[in-house]
Student: 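One structure, as structure tokens, below. Some questions next.
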Amino acid sequence: MFQECLEKWRQKEKEFAIKMIQKELNLLKVEFAPDEAFKDRDVKLTYNDWKEETYEVKSDDKSIETWNICFEFACNKKPSWIFNSKADFIVYQIWWEYYIRERWVLLALLSNMQKEEVKWWDWNRARMFLVNKDKLNLLFNKI
């Protein structure tokens, strides 16, 4: 089951990279985490010798049913990806659409937003914020 989920997430990262390749004419190189070597980002895009951007790609397949966006902020009583990532940008894929925001801006927006905290997944080890999907445009810019 874990391997299937991992492959699903890697596919989403590839789909994001393809979207960026189609959008950005001056993109020179795309790098993915080889064998999960990048613990702090998923994708790195190089535009020229001096401009590189890193991305954390997330998805919430349940949002179509729940009308919420879910942000895991802790697991096993330790900070989760949103705090540990060193990526420049967070990319959120919902259905076939992609949304993007600078990581530090997203953290600031989430800290000031009304949200519900829930425990879920892996025997309630994960703690998450649920934000109503109507606020998606306040958190992200659509790609």
Student: Could you tell me if the ring centre of Y99 sits under 6.0 Å from that of Y92?
Tutor: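 No: the rings miss the under 6.0 Å criterion.
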Student: May I have the step-by-step check of side chain to side chain contact (heavy atoms under 4.5 Å, CB included) for L107 and I90, ending in yes or no?
Tutor: CA-CA 10 Å; L107 285 170; I90 302 295; over 6 Å; no
Student: Is there a path of hydrophobic side-chain contacts, each under 4.5 Å between heavy atoms, that joins L28 and F16?
Tutor: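 Result: no, two separate clusters.
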Student: Rounded to the nearest 0.5 Å, how far apart are CZ of R103 and CZ of F89?
Tutor: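 R103 CZ to F89 CZ: 12.0 Å, rounded to 0.5 Å.
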Student: Do you know the tightest heavy-atom contact between C75 and S80?
Tutor: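 Heavy-atom minimum between the residues: N-OG, 3.3 Å.
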Student: Hey, does the side chain of S59 reach the backbone of Q93 with a donor-acceptor pair shorter than 3.5 angstrom?
Tutor: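 A pair under 3.5 Å: yes.
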Student: Which of these, E53, E52, E56, sits in a salt bridge (charged side-chain N to carboxylate O under 4.0 Å, His left out) with K44?
Tutor: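 Between K44 and the candidates, salt bridge (charged side-chain N to carboxylate O under 4.0 Å, His left out) is satisfied uniquely by E52.
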Student: Taking atom CG of D134 and atom CD1 of I69, what is their separation to the nearest 0.5 Å?
Tutor: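 Reported value, rounded in 0.5 Å steps: 9.0 Å.
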Student: Would you kindly confirm whether V105 and L139 end up in one hydrophobic cluster when ILVMFWY residues are joined by side chain heavy atoms under 4.5 Å apart?
Tutor: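 In one cluster: yes.
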Student: Give, for atom NZ of K58 and atom NZ of K12, the distance between the pair rounded to the nearest 0.5 Å.
Tutor: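 The NZ atom of K12 is 12.0 Å from NZ of K58, to the nearest 0.5 Å.
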Student: Decide yes or no for R101 and L109: does some side-chain heavy atom of the first lie under 4.5 Å from some side-chain heavy atom of the second?
Tutor: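 When only atoms from C-beta onward are counted, L109 and R101 do touch, with a gap below 4.5 Å.
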Student: If you measure from CG on N48 to CG on N26, what distance do you get to the nearest 0.5 Å?
Tutor: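 Answer for the CG-CG pair, N48 versus N26, is 7.0 Å.
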Student: Any chance you could lay out the ring-ring contact (aromatic ring centres under 6.0 Å, His included) test for F71 and F129, step after step, and finish with the verdict?
Tutor: CA-CA 5 Å; F71 296 95; F129 292 137; 7.9 Å; no
Student: Taking atom CG of N141 and atom CD1 of I100, what is their separation to the nearest 0.5 Å?
Tutor: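 So the CG of N141 and the CD1 of I100 are separated by 8.5 Å.
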Student: Do you know which two heavy atoms are closest between E97 and K142, and how far apart they sit?
Tutor: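 Shortest heavy-atom contact: OE2-NZ, 2.8 Å.
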Student: Evaluate the side chain to side chain contact (heavy atoms under 4.5 Å, CB included) criterion for residues V43 and F32: first the C-alpha distance (whole Å), next the side-chain angles of each, then the deciding distance (0.1 Å), finally the verdict.
Tutor: CA-CA 5 Å; V43 180; F32 298 98; 4.0 Å; yes
Student: Distance check, rounded to the nearest 0.5 Å: T46 atom OG1 versus L27 atom CG?
Tutor: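 It is 7.5 Å, given to the nearest 0.5 Å.
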Student: Report yes or no: does N76 contribute a side-chain atom to a donor-acceptor pair with the main-chain N or O of K78 at less than 3.5 Å?
Tutor: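 Not confirmed, N76 side chain does not pair with K78 backbone.
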Student: Please determine whether side chain to side chain contact (heavy atoms under 4.5 Å, CB included) holds for the pair K19 and I143, giving the CA-CA distance in whole Å, both sets of side-chain angles, and the decisive distance to 0.1 Å.
Tutor: CA-CA 9 Å; K19 182 148 188 94; I143 296 179; 4.0 Å; yes
Student: Among residues at least two apart in sequence or on other chains, which ones pass side chain to side chain donor-acceptor pair (under 3.5 Å) with N112?
Tutor: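 Expected list: none.
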Student: Can you get from L138 to W67 by hopping between Ile, Leu, Val, Met, Phe, Trp and Tyr side chains that sit under 4.5 Å apart?
Tutor: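 Per the 4.5 Å side-chain linkage, L138 and W67 are not co-clustered.
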Student: Answer yes or no: is there a donor N or O on one side and an acceptor on the other, between the side chain of S111 and the main chain of A108, under 3.5 Å?
Tutor: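 Checking the backbone N and O of A108 against the side chain of S111, a donor-acceptor pair under 3.5 Å is found.
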Student: What closest approach, in Å, do A17 and V30 show between heavy atoms, and which atom pair accounts for it?
Tutor: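 Minimum heavy-atom separation between A17 and V30: CB-CG1, 3.8 Å.
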Student: Search all heavy atoms of I94 against all heavy atoms of K133 and return the closest pair with its distance.
Tutor: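 So the minimum-distance heavy-atom pair works out to CD1-CD, 4.4 Å.
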Student: So, the side chain of D42 versus the backbone of V57: is there a donor-acceptor pair under 3.5 Å, distance only?
Tutor: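 Indeed, once roles are kept as given, a pair shorter than 3.5 Å links the two residues.
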Student: Would a hydrophobic clustering, with Ile, Leu, Val, Met, Phe, Trp and Tyr connected at side-chain separations under 4.5 Å, put I18 with M20?
Tutor: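 The answer is no; the residues belong to distinct hydrophobic clusters.
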